[in-house]
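Excluded from the calculations below are hydrogen atoms, water molecules and symmetry mates; all remaining heavy atoms, backbone and side chain alike, are included. Letters A, B, ... are given to chains in the order of the sequence lines, protein chains preceding strands, and every chain is numbered from 1.
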2 protein chains.
Amino acid sequence: MNEQTAIPVEDGTESVPGKTRDALRAAHLYYMQDLTMDAIAHELHTSRSSVSRLLSHARASGLVEISIHSPLDLPSRIEQEILERFAVGAHVIPVPDHASDVDRLDRVALSAARILGRYVDSNQTIGIAWGSTMSAMSRHLVPKATHNSEVVQLNGAGNGRTTGIVYASELLRRFGDAFGARVQQFPVPAFFDDPETRRAFWRERSTRRLLDLQERMDVALFGVGSPFAEVPSHVYQGGYLERADYEGLSREGAVGDVATVFYRADGSTDGISLNERATGPDFAVLRRAPRRICVVSGRAKLASLRGALAAGLITDLIVDEGTARALVESPGEQESPGERESPGERVSPKDRE
Amino acid sequence: MNEQTAIPVEDGTESVPGKTRDALRAAHLYYMQDLTMDAIAHELHTSRSSVSRLLSHARASGLVEISIHSPLDLPSRIEQEILERFAVGAHVIPVPDHASDVDRLDRVALSAARILGRYVDSNQTIGIAWGSTMSAMSRHLVPKATHNSEVVQLNGAGNGRTTGIVYASELLRRFGDAFGARVQQFPVPAFFDDPETRRAFWRERSTRRLLDLQERMDVALFGVGSPFAEVPSHVYQGGYLERADYEGLSREGAVGDVATVFYRADGSTDGISLNERATGPDFAVLRRAPRRICVVSGRAKLASLRGALAAGLITDLIVDEGTARALVESPGEQESPGERESPGERVSPKDRE
DNA sequence: GCCATCCTTGCACGTTTGTTCACCCGGCTT
DNA sequence: AAGCCGGGTGAACAAACGTGCAAGGATGGC
């Protein structure tokens with residue numbers, strides 16, 4: 001993977017500057033001058049198809065940036081309300097209510113990936129959790145050139161067996177590539193079997209170095225896990241947790257997790273025994289990051305989201321419209337008809353949010 | 001929805017907020033989530049056509065902003081060189097060399113109109129010259145909401161007889177509309193017949209008020225006139241000047257004008273008699289504006305542009321590629337095969353400009 | 001030097017998008 | 001009430017666009 005990644009960094013910027021220059025020129029002609037691709041092809045002495053591809057490249061590589069400004073008089077009621085109620089900056093992604101959870105996640109992740117660039121800058125350390133949301137995001141990142149940035153993995157992971165979830169290394173690499181950042185992997189499982197192993201590991205110098213990075217990070221990016229929802233977060237599908245673990249979580253009142261660390265509805269974590277074996281950062285550490293961006297999609301994660309908000313983990317929230325509406329609609333949970341239960345029994349094929 | 005026609009200002013912003021909201025949502029779905037218009041039509045319960053129109057509206061009204069970032073390692077050699085040689089920020093508009101002057105002007109104007117938004121802000125006074133370049137720009141402005149801004153006409157004008165050049169009032173109105181700014185017309189001819197009339201007029205209180213505004217303006221926007229070029233600027237077509245005037249200009253060494261005020265190649269204006277009858281601001285006044293944006297297209301205007309640069313009139317230059325290249329290529333003029341000559345002989349039917 | 005491989009190109013096709021047209025609907029005039 | 005707008009709508013068509021594919025060229029290993 002080394003030799004492969006060593007060069008492609010230059011691929012877009014230097015080794016083929018001609019391509020980038022052409023793309024830039026094509027973008028000018030297309031987006032600033034409204035020429036047709038045909039006309040551009042003619043000006044560039046190439047074919048229309050190539051122009052189409054050049055423009056795709058220009059968009060995908062961040063040469064062209066498309067942003068949407070709400071006129072200041074209607075700045076999305078919901079975002080406004082979330083800001084007031086939770087003191088959290090919100091991006092509400094419009095997604096129709098009837099969309100499937102997969103669609104919803106994809107669309108939120110796509111939008112989130114495009115928004116992310118605004119938060120990332122040079123000389124920053126960016127902490128990234130491992131999960132299905134991050135995985136989906138990683139596929140759509142828009143590159144942005146930064147210097148001296150670092151991407152650090154927040155929690156361990158096994159390999160992703162679930163469809164579409166990508167290995168942690170691959171995921172991190174994508175983020176790193178997109179921002180030209182160094183990548184710090186965290187090669188541990190999501191959960192240790194034995195708390196003692198974790199403690200021992202935490203004393204290792206290599207681990208300490210990584211934890212140090214986590215403590216100094218400027219931006220944290222994560223989703224929330226929702227162990228008791230109809231569509232459990234991938235962490236719960238990968239076989240990381242046993243039935244006994246779920247029962248423990250249920251008994252201890254956990255409603256969700258951020259980067260494998262579980263919390264209750266009120267945001268507290270103390271006494272949740274599984275956390276002894278988790279690999280993600282303690283919330284006290286997480287909260288040191290000035291920017292903490294949370295990406296959530298699906299009403300199933302509502303309770304988790306509420307908990308994460310209560311824990312003060314979030315400074316910026318990217319969330320689908322339905323969930324956002326539910327979030328502001330009523331303070332308590334009127335969502336789940338049944339009370340918590342082990343997810344083992346759930347096989348309901350209902351895919352409505 | 002109260003009174004639809006009563007207040008056209010509200011038409012786009014408040015009286016039909018539904019349309020703007022739909023446009024906004026469509027834009028999100030299209031540009032952030034890459035949905036097809038079909039899909040969006042379905043989500044919005046309308047037809048594809050309407051979505052297409054909605055998106056057009058979103059772009060035309062500035063809801064969607066498309067910007068192009070050069071990667072910092074290749075910031076257009078030419079722009080860089082112009083910055084170094086003339087201490088002027090440049091936007092070079094790519095236009096093929098074989099394009100007609102009309103095309104060239106249109107394309108530069110289109111790009112310029114889209115760039116302009118970056119320079120305009122609230123609480124500003126924006127001075128605008130009257131000419132073919134400004135006219136072309138006025139047709140493509142992207143609205144940007146500002147408060148308490150003012151658009152003030154820099155020089156007088158007759159009515160535009162040349163095809164495609166629009167009345168000064170219409171031109172100003174377009175700028176004013178685009179930025180939600182008040183408009184201050186300057187109802188005088190481009191040139192007075194008698195210097196004395198001008199002086200008298202300048203003593204009028206209403207005139208003084210306008211001149212006051214000009215002195216306090218934050219942004220000036222203008223083209224350059226090129227009286228001795230193959231394609232004379234409109235000012236020279238409208239019958240404003242007589243053959244004798246041209247001869248005088250020629251004798252006195254004028255190479256161009258900004259807002260009806262003429263200058264020599266070295267930027268000097270003293271002793272150019274026509275300026276006694278001009279209606280545009282003295283360069284000393286013009287130079288008070290912190291931002292002075294000049295839009296130029298066509299090599300014919302090269303000498304004028306050089307003069308305007310020498311006069312220190314320009315802080316930001318928007319120029320087509322060919323002219324930019326010529327500008328940096330050689331210090332002197334190697335452009336015009338023939339020396340200056342009176343344009344009276346020119347009746348080339350090559351279309352307006 | 002030669003081959004395997006990867007990347008790029010232009011064509012051809014199917015899809016997506018812009019635009020014209022006929023039509024409808026509410027408002028205001030006569 | 002009839003009649004004329006101006007603005008908006010969807011159907012249909014033409015233009016513009018994206019992409020799979022096969023061919024051509026470069027690159028690097030052997």
Worksheet item: Is the shortest distance from a Lys or Arg side-chain nitrogen in A:Arg114 or B:Asp34 to a carboxylate oxygen in the other one below 4.0 Å?
Response: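 Salt bridge present between A:Arg114 and B:Asp34.
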Item to complete: Mind checking A:Ser50 for me? I need base, sugar-phosphate or nothing, with any heavy atom below 4.0 Å counting as a touch.
Response: sugar-phosphate
Discussion item. So B:Thr46, base contact, sugar-phosphate only, or nothing? Heavy-atom distance under 4.0 Å.
Written reply: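 The answer is sugar-phosphate, as B:Thr46 gets under 4.0 Å only of primed atoms, P, OP1 or OP2.
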Starting at [atom1] of [X] and ending at [atom2] of [N], how long is that distance when rounded to a whole Å?
| X | N | atom1 | atom2 | value |
| --- | --- | --- | --- | --- |
| B:Leu35 | C:dT16 | CG | P | 12 Å |
| B:Ile40 | C:dT17 | CD1 | P | 8 Å |
| B:Arg53 | C:dT20 | CZ | C1' | 10 Å |
| A:Asp34 | D:dA16 | CG | C1' | 13 Å |
| B:Met37 | C:dT19 | CE | C1' | 12 Å |
| A:Leu54 | C:dG10 | CG | C1' | 13 Å |
| A:Asp38 | D:dA15 | CG | P | 12 Å |
| B:His57 | D:dG8 | NE2 | P | 9 Å |

With a 4.0 Å limit, can you tell me whether [X] has a side-chain N or O closer than that to the phosphate oxygens OP1/OP2 of [N]?
| X | N | result |
| --- | --- | --- |
| A:Tyr30 | D:dA16 | no |
| B:Arg59 | C:dG18 | yes |
| B:Thr36 | C:dT15 | no |
| B:Ser52 | C:dT17 | no |

Worksheet entry | Stepwise salt bridge (Lys or Arg N to Asp or Glu O under 4.0 Å) check, A:Arg139 with A:Glu170 | CA-CA 10 Å; A:Arg139 276 187 289 269; A:Glu170 171 76 0; over 6 Å; no
Response to the item:
In this structure, CE of B:Met134 is separated from CG of B:Leu221 (nearest 0.5 Å) by 4.0 Å
Fill in: Spatial distance of atom CZ (A:Arg107) from atom CG (B:Leu35) [nearest 0.5 Å]
4.5 Å
Item to complete: Using only heavy-atom distances, determine whether the side chains of B:Gln124 and B:Glu150 contain a donor-acceptor pair under 3.5 Å.
Response: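 Distance-only check fails for B:Gln124 and B:Glu150.
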Worksheet item: Side-chain donor or acceptor of A:Arg48 under 3.5 Å from a matching atom on the base of D:dG18?
Response: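 Indeed, a donor on one side and an acceptor on the other fall under 3.5 Å apart.
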Discussion item. Determine whether a donor-acceptor pair (one donor, one acceptor, N or O, separation below 3.5 Å) exists between the side chain of A:Ser49 and the base of C:dC11.
Written reply: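 Donor-acceptor pair under 3.5 Å: yes.
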